[in-house]
Amino acid sequence: MRDIETREDIILIMRKFYDKLLVDETISFFFIRVTKVDQHLEEHFEILATFWEQALFLKGGYHNNMFQKHKDIHEKSAFTKEHFDTWLKHLYTTLDEYFKGEKVEQMKTQALNMATVLQIKFSQ
Ligand code: HEM
């Protein structure tokens, strides 16, 4: 198994990750009812790919405010610790199913860090 190398690798990870999120009823409603992201998934994956290319490969190009986006969602339907744990579990499982290496570990650490920051912000 190889490490994450390209934007296409990130898109594959997002497709498989969202396959898990969207069938998990404890979290899928954020993507189906609170937002309607499930209706334009490919467009959403392109945004996520730009975000992760920046985080992993220092590419640049992501200019949205991801904290504000999640705050807007949180105000409609609150994120709990269980939601973050579930989200991270599905991401980690997906990564381990398809890739192995330094970038995989970096993605896990960065996702965990951001999940932690979001939870702290929302608990204030
Ligand atoms: C409880 C866990 C989470 C849930 C349920 C969740 C849900 C969502 C939803 C529904 C959107 C779409 C927002 C929209 O377009 O209106 C979104 C966007 C996004 N999420 Fe999360 N999220 C979670 C955690 C995280 C974490 C920990 C990260 C950090 C890596 C993250 C990164 C992103 C990014 C980069 C976007 C794209 C924002 C944009 O459009 O620019 N999410 N998330």
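For ligands, and for the atoms within them, numbers begin at 1 and follow the listed sequence.
Residue Val37 has at least one heavy-atom neighbour below 4.0 Å for each of these atoms of ligand 1: 12 (C), 14 (C), 15 (O). For ligand 1, the atoms closer than 4.0 angstrom to any heavy atom of His83 are 1 (C). Taking a cut-off of under 4.0 Å to the non-hydrogen atoms of Met66, the atoms of ligand 1 that pass are 28 (C), 29 (C), 31 (C), 32 (C). Listed by number with element, the atoms of ligand 1 under 4.0 Å from a non-hydrogen atom of Phe30 are 5 (C), 10 (C). In the vicinity of Ala115, heavy-atom distances shorter than 4.0 Å reach the ligand 1 atoms 27 (C).
The nearest protein atom to atom 38 (C) of ligand 1, hydrogens excluded, is given as Tyr62 OH, 3.4 Å; this is a heavy-atom distance. If you check which protein heavy atom lies closest to atom 8 (C) of ligand 1, you get Phe31 CE2, 3.7 Å. Nearest protein heavy-atom neighbour of atom 23 (C) of ligand 1: Trp87 NE1, 3.3 Å. If you check which protein heavy atom lies closest to atom 36 (C) of ligand 1, you get Leu48 CD2, 3.4 Å. Residue, atom and distance of the protein heavy atom nearest to atom 4 (C) of ligand 1 are Phe79 CE2, 3.6 Å.
Of the N or O atoms in His44, none lie within a sub-3.5 Å distance of an N or O in ligand 1. When only interatomic distances are considered, the shortest N/O to N/O separation between Asn64 and ligand 1 falls below 3.5 Å. Residue Thr35 has no nitrogen or oxygen atom sitting less than 3.5 Å from a nitrogen or oxygen atom of ligand 1, judged on distance alone. An N or O contact shorter than 3.5 Å is missing between Trp52 and ligand 1 by distance.
Nearest heavy-atom pair across Ile10 and Trp52 is CG2-CB, 3.8 Å.
When the heavy-atom distances from atom 42 (N) of ligand 1 to His70, Arg33, Met14 are ranked, the shortest goes to His70.
Ionic pairing of Glu97 and Lys20 is present here: one or more N-O contacts between side-chain nitrogen and carboxylate oxygen are shorter than 4.0 angstrom. We find that Glu82 and Lys89 are not joined by a salt bridge, their nearest charged nitrogen and carboxylate oxygen being 4.0 Å or further apart. Electrostatic pairing of Lys103 and Glu5 does not count as a salt bridge here, judged by no charged N lying under 4.0 Å from a carboxylate O.
Between His74 and Phe122, the two ring planes are parallel [angle under 30°; tilted spans 30° to 60°]. By the 30° and 60° cut-offs, the orientation of the rings of His44 relative to Tyr18 is perpendicular.
Proximity of Ile73 to ligand 1, defined as any heavy-atom pair under 4.0 Å, is confined to the side chain (atoms from C-beta onward). Contact annotation for Phe84 and ligand 1: heavy atoms of both the backbone and the side chain come within less than 4.0 Å of the ligand.
Distance alone, capped at 3.5 Å, is enough to place a donor-acceptor pair between the Gln54 side chain and the Tyr62 backbone. Remark: side-chain polar atoms of Glu53 are not paired, donor with acceptor, to backbone N or O of Leu58 under 3.5 angstrom.
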Salt bridge (Lys or Arg N to Asp or Glu O under 4.0 Å) between Glu105 and Lys100, worked out
CA-CA 8 Å; Glu105 297 315 310; Lys100 189 176 172 59; over 6 Å; no

Ring pair (Phe, Tyr, Trp, His ring centres under 6.0 Å) between Phe29 and His83, worked out:
CA-CA 11 Å; Phe29 63 93; His83 292 132; 5.7 Å; yes

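Considering only heavy atoms from C-beta on, Ile27 stays 4.5 Å or farther from Phe84 through its side chain.
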